[in-house]
Amino acid sequence: MATRKNSTDDPLAPVTLAVGQEDLLLDRAVQQVVAAARAADSDTDVRDLTSDQLQPGTLAELTSPSLFAERKVVVVRNAQDLSADTVKDVKAYLDAPAEEITLVLLHAGGAKGKGLLDAARKAGAREVACPKTTKPAERLTFVRQEFRALGRSATPEACQALVDSIGSDLRELASAVSQLCADVEGTIDEAVVGRYYTGRAEASSFTVADRAVEGRAAEALEALRWSLSTGVAPVMITSALAQGVRAIGKLSSARGGRPADLARELGMPPWKIDRVRQQMRGWTPEGVSLALRAVAEADAGVKGGGDDPEYALEKAVVTIARAARSGR
């Protein structure tokens, strides 16, 4: 870098390089930079682009001097897929980054696009590792770190129980930790995790989610009312709904393959791949987006953002069931 000193721990370094294939960590790397930029300037302009949106000449346009000298964050996702001409543009920019602009390159790592990866490192880019977690021990460490980051204490048994119940999806694990910290006071132990994520409550909440993503609104509402009447925590139901809709979205955007291969790619057990394949009939990308918004609204509603948590859940279930039939 020629124009500014680049601190490896400074989110406002001229260039941040996030390397890996863990979506949650990649998103967090972006969020950290954006938050730091907006803390410095609330009017920061954020441009979030996919590799195909960054055409030759686009980076020059985005980083050209502004009349008002506004701060800007330019995010480029899947940088390993950039065209050869665009890579030339990026490499040239790395030699002379613009003031008040932070470039964030998200790169999967590996051999594809390695020239850009090497160039960014040679130029002194701040690097954030976002490796895919493949081992149970890594997921357990992640859960412990999540509790610590939120300033909460959880027993080793509670962390293990959460990993056993949720599985390999870091986004789901992070959501579960956040929900437990929001709803439970004091040290979180195995019994607390059990109440939220295992046993009869787990079965009933996932029954609600299964019926909803299958488009069976009446049955989903019946299961919802039974779950609430037996004491299932509303936040657990929103978590199950979120997992159900996200599974549909992940599998629908994945490339075809054997259940075992998809299971490794998506972090799901093979039996769940088969179930989700059956459930995803009738779903469209627009339907998935609509359902995810409905889940987010319900989650806010059951956490104090609304007057009636039961109504918030019913509305979400109906919306998800309708979305499940939008492509039929």
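Computed over heavy atoms, backbone and side chain alike; hydrogens, waters and symmetry mates excluded. Predicted model only: the values in this text are computed from it and were never measured.
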For this session: Could you tell me the separation between the OG atom of S83 and the CG atom of L54, rounded to the nearest 0.5 Å?
Result: 8.0 Å
For this session: Go through the structure and list residues passing side chain to side chain donor-acceptor pair (under 3.5 Å) with R28, not counting sequence neighbours.
Result: E146
Exercise. Who else is in V75's hydrophobic cluster (ILVMFWY, side-chain heavy atoms under 4.5 Å, direct or via others)?
Worked result: L26, V30, V33, V34, V46, V73, V104, L106
For this session: Is it possible for you to say whether L290 and V295 belong to one hydrophobic cluster, with membership spreading through side-chain heavy-atom contacts below 4.5 Å?
Result: no
For this session: Side-chain contact test, heavy atoms from C-beta onward, threshold under 4.5 Å: evaluate it for L140 versus P136 and give yes or no.
Result: no
Exercise. Is there a side-chain contact between L62 and Y93 (heavy atoms, below 4.5 Å)?
Worked result: no
For this session: Identify whether the distance between the nearest side-chain nitrogen and carboxylate oxygen of R77 and D27 falls below 4.0 Å.
Result: yes
Problem set entry | Set of side-chain contact (heavy atoms from CB on, under 4.5 Å) partners for D89, sequence neighbours left out | P56
Exercise. Can you list the residues that meet the side chain to side chain donor-acceptor pair (under 3.5 Å) rule with D52, with sequence neighbours excluded?
Worked result: T50
Exercise. Does T44 use its side chain to pair, donor to acceptor, with the backbone of A37 at less than 3.5 Å?
Worked result: yes
Pair up each side-chain donor or acceptor in residues 186-194 with any protein partner under 3.5 Å, not counting sequence neighbours, and list the distances.
from : atom 1 : to   : atom 2 : distance (Å)
D189 : OD1    : A191 : N      : 3.2
D189 : OD1    : V192 : N      : 3.0

For this session: Sequence neighbours left out, what passes side-chain contact (heavy atoms from CB on, under 4.5 Å) with E222? Give chain and number order.
Result: none
Exercise. Should L241 and L251 be counted in the same cluster of Ile, Leu, Val, Met, Phe, Trp and Tyr side chains packed under 4.5 Å apart?
Worked result: yes
Problem set entry | Which residues share a side chain to side chain donor-acceptor pair (under 3.5 Å) with K112, sequence neighbours left out | D81
Problem set entry | Donor-acceptor pair, side chain of S227 and main chain of A223, under 3.5 angstrom | yes
For this session: Could you pull out all residues at least two apart from T133 that satisfy side-chain contact (heavy atoms from CB on, under 4.5 Å)?
Result: E22, E138, R139, L170
For this session: Look at atom CD of E219 and say whether more than 12 heavy atoms of other residues, nucleotides or ligands are closer to it than 6.0 Å.
Result: yes
Exercise. Is K72 reaching over with its side chain to a backbone N or O of R47, donor-acceptor style, under 3.5 angstrom?
Worked result: no
Exercise. Taking a hydrophobic cluster as the set of Ile, Leu, Val, Met, Phe, Trp and Tyr residues connected by side-chain heavy atoms closer than 4.5 Å, whether directly or through intermediates, do V302 and L292 fall within one such cluster?
Worked result: yes
For this session: For C159 and A154, work out which heavy atoms get closest and say how close.
Result: SG-CB, 4.0 Å
Exercise. Applying the 4.5 Å side-chain criterion to the ILVMFWY set and letting contacts propagate, would L59 and L116 be lumped into a single cluster?
Worked result: yes
For this session: Could you check if a side-chain atom of L25 sits within less than 4.5 angstrom of a side-chain atom of P131, using non-hydrogen atoms only?
Result: yes
For this session: May I have the step-by-step check of side-chain contact (heavy atoms from CB on, under 4.5 Å) for Q179 and T238, ending in yes or no?
Result: CA-CA 10 Å; Q179 287 180 343; T238 57; 3.7 Å; yes
Exercise. Given a cutoff of under 4.5 Å between side-chain heavy atoms of I, L, V, M, F, W and Y, with clusters grown through shared members, what are the other residues clustered with Y311?
Worked result: none
Exercise. Is V128 linked to L24 within one hydrophobic cluster, defined over Ile, Leu, Val, Met, Phe, Trp and Tyr using a side-chain heavy-atom separation of less than 4.5 Å?
Worked result: no
Problem set entry | Crowding at CZ, R322 (>12 non-hydrogen neighbours, <6.0 Å) | no
Exercise. Looking at CZ of R325 and CZ of R281, how far apart are the two atoms once the value is rounded to the nearest 0.5 Å?
Worked result: 13.5 Å
Problem set entry | D118/K122 ion pair, N-O < 4.0 Å | no
Problem set entry | side chain to side chain donor-acceptor pair (under 3.5 Å) involving E172 - partner list, sequence neighbours excluded | R246
For this session: For the pair Q160 and E157, evaluate side-chain contact (heavy atoms from CB on, under 4.5 Å) and give the outcome as yes or no after the intermediate values.
Result: CA-CA 5 Å; Q160 185 63 62; E157 294 80 9; 5.8 Å; no
Exercise. When rounded to the nearest 0.5 angstrom, what is the spacing between CZ in R144 and OG1 in T155?
Worked result: 10.0 Å
Exercise. For residues 309-321, which residue pairs qualify under salt bridge (charged side-chain N to carboxylate O under 4.0 Å, His left out), counting only residues two or more places apart or in two chains?
Worked result: R225-E314
Problem set entry | T141 (side chain) donor-acceptor with A137 (main chain) under 3.5 angstrom | yes
Exercise. How far apart are the C-alpha atoms of Q279 and I248, what are their side-chain angles, what is the distance that settles it, and do they pass the side-chain contact (heavy atoms from CB on, under 4.5 Å) test?
Worked result: CA-CA 8 Å; Q279 293 174 332; I248 296 288; 3.9 Å; yes
Exercise. Between S51 and N78, do the side chains contain an N or O donor and an N or O acceptor separated by less than 3.5 Å?
Worked result: no
Exercise. So how far is it from L82 CG to K88 NZ, rounded to the nearest 0.5 Å?
Worked result: 13.5 Å
For this session: Output yes when a side-chain donor or acceptor of R121 lies under 3.5 Å from a complementary backbone atom of L17, and no otherwise.
Result: no
Problem set entry | Pairwise side-chain contact, W283 with V213, heavy-atom cut-off 4.5 Å (strictly under) | yes
Problem set entry | Backbone N/O of A13 and side chain of R126: donor-acceptor pair under 3.5 Å | no
Seminar exercise, completed: Sequence neighbours excluded, the answer for side-chain contact (heavy atoms from CB on, under 4.5 Å) partners of A40 is L12, R71
For this session: Give, for atom NZ of K114 and atom CD of Q80, the distance between the pair rounded to the nearest 0.5 Å.
Result: 14.0 Å
